[in-house]
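When a residue number appears, it is its place in the shown sequence, counting from 1.
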Amino acid sequence: FVDEDEASQVRQVDINLNGSITGTKLALRRMRPRGRGHIVNVASSAGKLAPPGIATYAATKHGVVGYTEAVRTEQRGSGIEFSIVMPGVVRTEMIAGYKPVRGVQDIEPAEVAAAIVDALRFPRVEVFVPRAVGRIWRVLNLLPRGAREAVLRAMRVDQVTWNADPSARAAYEARAAASEPKLDAGE
């Protein structure tokens, strides 16, 4: 975290958190008059856990979980459903350099898409992908913090991001840093 580029921190907050907030506001402005709709925000399992090596990313995903929960409560009775999708490690360019860890299953982007479609058909708020992550999280939440952290260390979940090879991620990081998201004035 200390060595993370400040511009990268700002971009992560802008894209991961502010982008989701803006999208939610725009969707609510259209859904509220109709009295129905379903907002799906994609966070991450890092929005419930806090793995080392990705502190800013985890903070943005915790933010997505927190504001979606708050807005959902504000909109109770409006006819609008909310889902928070929390994938684990998805096989995309973003995980370049990650080393496999026993007990942490990589998933395909299509599995995340299928979970989103399923949540739209059968609404639920928390959508963990794979579902086993949600079951593990619910059990871990019953434990005191020290025991929960010991179990996560024993499962080596903390090693997924902490031991990533930065040189393998260099191309992804450079491309992400050079991207320039824009919102058209008409949207």
Handout entry: same_hphob_cluster(V71, I80) at 4.5 Å side-chain heavy-atom cutoff
Key = yes

Practice task
Taking Q12 for its side chain and Y57 for its backbone only, find out whether a donor-acceptor pair lies under 3.5 Å.
Solution key: yes

Practice task
Could you list the residues that satisfy side-chain hydrogen bond (donor to acceptor under 3.5 Å, both in side chains) with S45, not counting sequence neighbours?
Solution key: none

Handout entry: side-chain contact (heavy atoms from CB on, under 4.5 Å) between V127 and I116, worked out
Key = CA-CA 8 Å; V127 180; I116 291 169; over 6 Å; no

Handout entry: Spacing of CD1 belonging to I39 relative to CG belonging to L120, to within rounding of 0.5 Å
Key = 11.5 Å

Exercise for the section: For D118, enumerate each residue passing the salt bridge (charged side-chain N to carboxylate O under 4.0 Å, His left out) test, keeping only those at least two apart in sequence or located in another chain. Expected result: R124, R131

Exercise for the section: Give a yes or no on whether R121 atom CZ has more than 12 heavy-atom contacts from other residues, nucleotides or ligands under 6.0 Å away. Expected result: no

Problem - Atom of V65, atom of A43 and distance for their closest heavy-atom approach - result: CG2-CB, 3.9 Å

Exercise for the section: May I ask you to decide if G47's main-chain N or O and H62's side chain share a donor-acceptor pair within less than 3.5 Å? Expected result: yes

Handout entry: salt bridge (charged side-chain N to carboxylate O under 4.0 Å, His left out) contacts touching residues 46-73 (sequence neighbours left out)
Key = K48-E126

Exercise for the section: Rounded to the nearest 0.5 Å, what's the gap from CG on L17 to CD1 on I21? Could you check? Expected result: 4.0 Å

Practice task
Give a yes or no on whether F82 and Y67 share a hydrophobic cluster (residues Ile, Leu, Val, Met, Phe, Trp, Tyr; joining criterion: side-chain heavy atoms under 4.5 Å apart).
Solution key: yes

Exercise for the section: Can you see which heavy atom on P33 is nearest to which on R29, and at what distance? Expected result: CD-O, 3.2 Å

For residues 139-150, run the donor-acceptor check on the side chains, cut-off 3.5 Å, and write out each pair with its distance to 0.1 Å, sequence neighbours left out.
{"unit_1": "R145", "atom_1": "NH1", "unit_2": "E149", "atom_2": "OE2", "d": "3.4"}
{"unit_1": "R148", "atom_1": "NH1", "unit_2": "L143", "atom_2": "O", "d": "3.3"}

Problem - For S78, side-chain hydrogen bond (donor to acceptor under 3.5 Å, both in side chains) partners two or more places apart - result: none

Practice task
Return the minimal non-hydrogen interatomic distance between A55 and F1, and the atom names on each side.
Solution key: CB-CD1, 4.0 Å

Practice task
Assess the side chains of T24 and N41: does a donor N or O sit below 3.5 Å from an acceptor N or O?
Solution key: yes

Problem - ILVMFWY cluster, I84 and W137 together (side-chain gap under 4.5 Å) - result: yes

Exercise for the section: Using a 4.5 Å cut-off on heavy atoms from C-beta on, say whether the side chain of V64 contacts that of V42. Expected result: no

Completion exercise
Residues A119 and S83: closest non-hydrogen pair is CB-OG, 3.8 Å

Practice task
Give, for atom CZ of R135 and atom CZ of F128, the distance between the pair rounded to the nearest 0.5 Å.
Solution key: 11.0 Å

Problem - All side-chain hydrogen bond (donor to acceptor under 3.5 Å, both in side chains) counterparts of T60, not counting sequence neighbours - result: N16

Handout entry: Cluster check M86, V112: I/L/V/M/F/W/Y, side chain < 4.5 angstrom
Key = no

Exercise for the section: Considering non-hydrogen atoms only, spot the tightest contact between H38 and P123 and give its length. Expected result: CE1-CB, 3.9 Å

